[in-house]
There are 2 protein chains.
Amino acid sequence: MKPAEPIKIVLVDDHKLFRKGLISLIEFINPHCTVLFEADDGLDLQQKINPRNLPDLVLLDINMPRMDGFETLQWLTRIYPSVKVLVVSMVEKEETVVRMLRLGARGFLCKDVEPKELGEALISVASKGFYYTDFITGKLVHSLQQPNTAETTRSQIILTTQETEFLKWACSEMTYVQIADKMCLSPKTIDGYRNSLFEKLAVKSRVGLVLYAIRHNLVTLA
Amino acid sequence: MKPAEPIKIVLVDDHKLFRKGLISLIEFINPHCTVLFEADDGLDLQQKINPRNLPDLVLLDINMPRMDGFETLQWLTRIYPSVKVLVVSMVEKEETVVRMLRLGARGFLCKDVEPKELGEALISVASKGFYYTDFITGKLVHSLQQPNTAETTRSQIILTTQETEFLKWACSEMTYVQIADKMCLSPKTIDGYRNSLFEKLAVKSRVGLVLYAIRHNLVTLA
DNA sequence: CTGTGGTAGAGGAAAAACCCTGAAGTGGGG
DNA sequence: CCCCACTTCAGGGTTTTTCCTCTACCACAG
């Protein structure tokens, strides 16, 4: 690294207190860094980013209102490919990690890592352009070895309009007969949709349907 | 305040990076504070807390594994009533805020407040013993004006250990017979818990149980 | 024109979920 | 000591869910 040029950083996270804390932490563990600005989410970043003073590094959260980490990363790599992105998130699902890496993330940090690791990641991304830990490579290797799980499997799963419609009703206390009534269909047809979903989603019961729908945000829980 | 005695603080949050950031921030905005220790969750706090060197103030998160903010606050107010608790959480649902205040929280901060407000809250709780913003009083007043919603209704609902245990298993694809097996009980006993829960939670089917459990964060969806 | 896939549905059977009533033991509070 | 709440469980019933095979129509691609 060249001590003459500080690492220019931008923070994107919807929790102000976390951002401020992170800034304070970064300045403490690595005074060589300078924070250009902060953003609440992807949209805010798009407005604040200055093409004539681009950051070296963006610390990006995933769960954000309006424009989330996935969209933001896609936009960044398309518009400003030179900007390196280090994902900082509390989720550590394999699927999420792998997806972010595919979209061009230079590293992935969980929100409960040691500050020391954050410092190392900053330096690594700024100098070498990436920061891949065993945690990340582990997830990657595993996802390559098991191309049948979530990521790959789910990309194949395509539900028809009727199936989706039924799935929503299934996440209620209605019986299948009542659902059939609501959808103006024979209970036997509902029977067919259910079996079709059981196979597609690899579940074995109605509870499985409900859990799947909720996990994949196919229904909105009030 | 007495400048001679620093405010002794303990942080309870499952995200290390957030904790470290918060510490760094606190030390910056108020050097008068000293952080005794940090804990990952309520259980960790129980182990680390020292009765001969109690903190003045605990900054407590709500969503935590193992032992969450509600349980932790209950335990703290029962065992160490002198310790003041300031809740720092990202949720800002009225029900949650009101519930924490009822359990004895001295204030409630959302994770996206300004650091300035954090500083004010620290001082206010340490000196006056509380920190109630318009945000909080607003929620309180509203909950008093509408005592018919969740809070009141749910405050009556008390589940036994077994019922809670069963409820968690019910949120899976296991049949009741399999659950009975897991819990080392007769299927008939499970039958009883189910009926008891149906009545307590005002639901009519297993799907209703699942929806209730998820809506009220009684189970953790992976 | 034939195969594939979505839609819609029937009959029948087995399994699971649901709903009663009743009851025995345990442990704490009045 | 009695009542109450929690836990445990049984018998015996109905309803719902689940599973299986099989038919039929329509549209669209090869």
Side-chain angles (χ1 to χ4, degrees), chain A residues 152-216 218-219, chain B residues 70-71 74-75 78-79 153-216 218-219 221:
Chain A
T152 322
T153 313
R154 221 158 44 93
S155 63
Q156 315 287 36
I157 297 180
I158 296 148
L159 305 186
T160 66
T161 319
Q162 294 294 300
E163 284 166 351
T164 310
E165 166 87 3
F166 160 68
L167 189 50
K168 284 176 188 166
W169 289 114
C171 297
S172 77
E173 291 202 61
M174 279 189 279
T175 69
Y176 290 137
V177 173
Q178 290 171 323
I179 294 173
D181 199 52
K182 271 275 184 228
M183 291 178 69
C184 298
L185 292 169
S186 153
K188 282 298 180 182
T189 307
I190 292 299
D191 220 54
Y193 290 152
R194 189 202 37 230
N195 290 328
S196 156
L197 282 178
F198 277 7
E199 198 171 338
K200 284 189 183 179
L201 310 182
V203 299
K204 291 187 291 292
S205 70
R206 180 159 172 183
V207 173
L209 289 183
V210 174
L211 294 176
Y212 181 95
I214 291 170
R215 275 198 253 257
H216 296 88
L218 300 178
V219 287
Chain B
F70 297 109
E71 287 179 88
Q74 267 179 320
W75 180 81
R78 201 177 64 242
I79 310 294
T153 316
R154 215 150 58 83
S155 65
Q156 316 289 34
I157 298 178
I158 295 149
L159 305 187
T160 67
T161 319
Q162 293 296 297
E163 285 167 350
T164 310
E165 166 87 2
F166 161 69
L167 189 49
K168 285 176 187 165
W169 288 114
C171 297
S172 77
E173 291 202 61
M174 278 190 279
T175 68
Y176 290 137
V177 173
Q178 289 170 325
I179 293 173
D181 200 53
K182 270 276 184 230
M183 292 179 67
C184 299
L185 291 170
S186 154
K188 282 298 181 182
T189 307
I190 292 299
D191 221 53
Y193 290 151
R194 172 169 38 83
N195 290 329
S196 156
L197 282 178
F198 277 7
E199 198 172 337
K200 283 189 183 179
L201 310 182
V203 299
K204 290 187 292 294
S205 70
R206 180 159 172 183
V207 174
L209 288 183
V210 174
L211 294 176
Y212 181 94
I214 291 170
R215 275 197 252 259
H216 296 87
L218 299 178
V219 287
L221 268 281

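Here the structure is a predicted model, which is why all the values come from computation and not from measurement. In the text below, chain A, chain B and the rest are named by the order of the sequence lines, each starting its count at 1.
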Flag, side chain of Glu199(A) to backbone of Ser196(A), donor-acceptor distance under 3.5 Å
no
Please determine if a side-chain N or O atom of Thr175(A) lies less than 4.0 Å away from the OP1 or OP2 oxygen of dT15(D).
no
Measuring from the side chain of Thr160(A) (C-beta onward, heavy atoms only), which nucleotide among dT7(C), dT7(D), dG11(C) has the closest atom?
dT7(C)
Could you tell me the separation between the CG atom of Leu209(B) and the P atom of dA16(C), rounded to a whole number of Å?
18 Å
Once you round it to whole Å, what is the distance between P of dC6(D) and CZ of Phe166(B)?
17 Å
Here the distance between atom P of dC6(D) and atom CG of Leu159(B), to the nearest Å, is 11 Å
Kindly say if Tyr176(B) contacts the phosphate of dC18(C), meaning a side-chain N or O under 4.0 Å from OP1 or OP2.
yes
Do Arg206(B) and Tyr176(B) meet the cation-pi criteria used here (NZ or CZ under 6.0 Å from the six-membered ring centre, within 45° of the axis)?
yes
Distance check needed: dG5(C) C1' versus Glu199(A) CD, whole Å only.
14 Å
Checking all strands, does Thr189(B) fall into the base, sugar-phosphate, or nothing category for heavy-atom contacts under 4.0 angstrom?
base
Please tell me which of the listed nucleotides, dT18(D), dC9(D), dA8(C), lies nearest to the side chain of Ser186(B)?
dC9(D)
Atom OH of Tyr193(B) to atom C1' of dA17(C): distance rounded to whole Å?
19 Å
Taken to the nearest whole Å, CD/Glu165(A) to P/dG6(C) is 17 Å
For the side chain of Leu185(B), counting heavy atoms from C-beta on, which of dC19(D), dT7(C), dC9(D) is nearest?
dC9(D)
Can a donor-acceptor pair be found between the side chains of Glu165(B) and Trp169(B) at a distance below 3.5 Å?
yes
Whole Å only: how far is the CD1 atom of Ile179(B) from the C1' atom of dA16(C)?
12 Å
Counting only side-chain heavy atoms from C-beta out, which of dC20(C), dA8(C), dC20(D) sits nearest to Asp191(B)?
dC20(C)
Kindly indicate whether the side chain of Asn195(B) and the base of dC18(C) share any N or O donor-acceptor pair separated by less than 3.5 Å?
no
Quickly work out the Leu197(B) CG to dC6(D) C1' distance and round it to whole Å.
13 Å
From the set dG9(C), dA17(C), dT17(D), return the single nucleotide nearest to any side-chain atom of Arg206(A).
dT17(D)
Taking for each residue the nucleotide of DNA chain D with the nearest heavy atom, is it Thr161(B) or Val203(A) whose nucleotide lies nearer the 5' end?
Thr161(B)
Whichever of Lys188(B) and Gln162(B) has its nearest DNA chain D nucleotide further upstream toward 5':
Gln162(B)
Under 4.0 Å between a side-chain N or O of Arg194(B) and OP1 or OP2 of dC18(C)?
yes
Under 4.5 Å between any side-chain heavy atoms of Glu173(A) and Gln178(A), yes or no?
no
Nearest heavy-atom neighbours spanning Cys171(B) and Leu211(A)
O-CD1, 3.5 Å
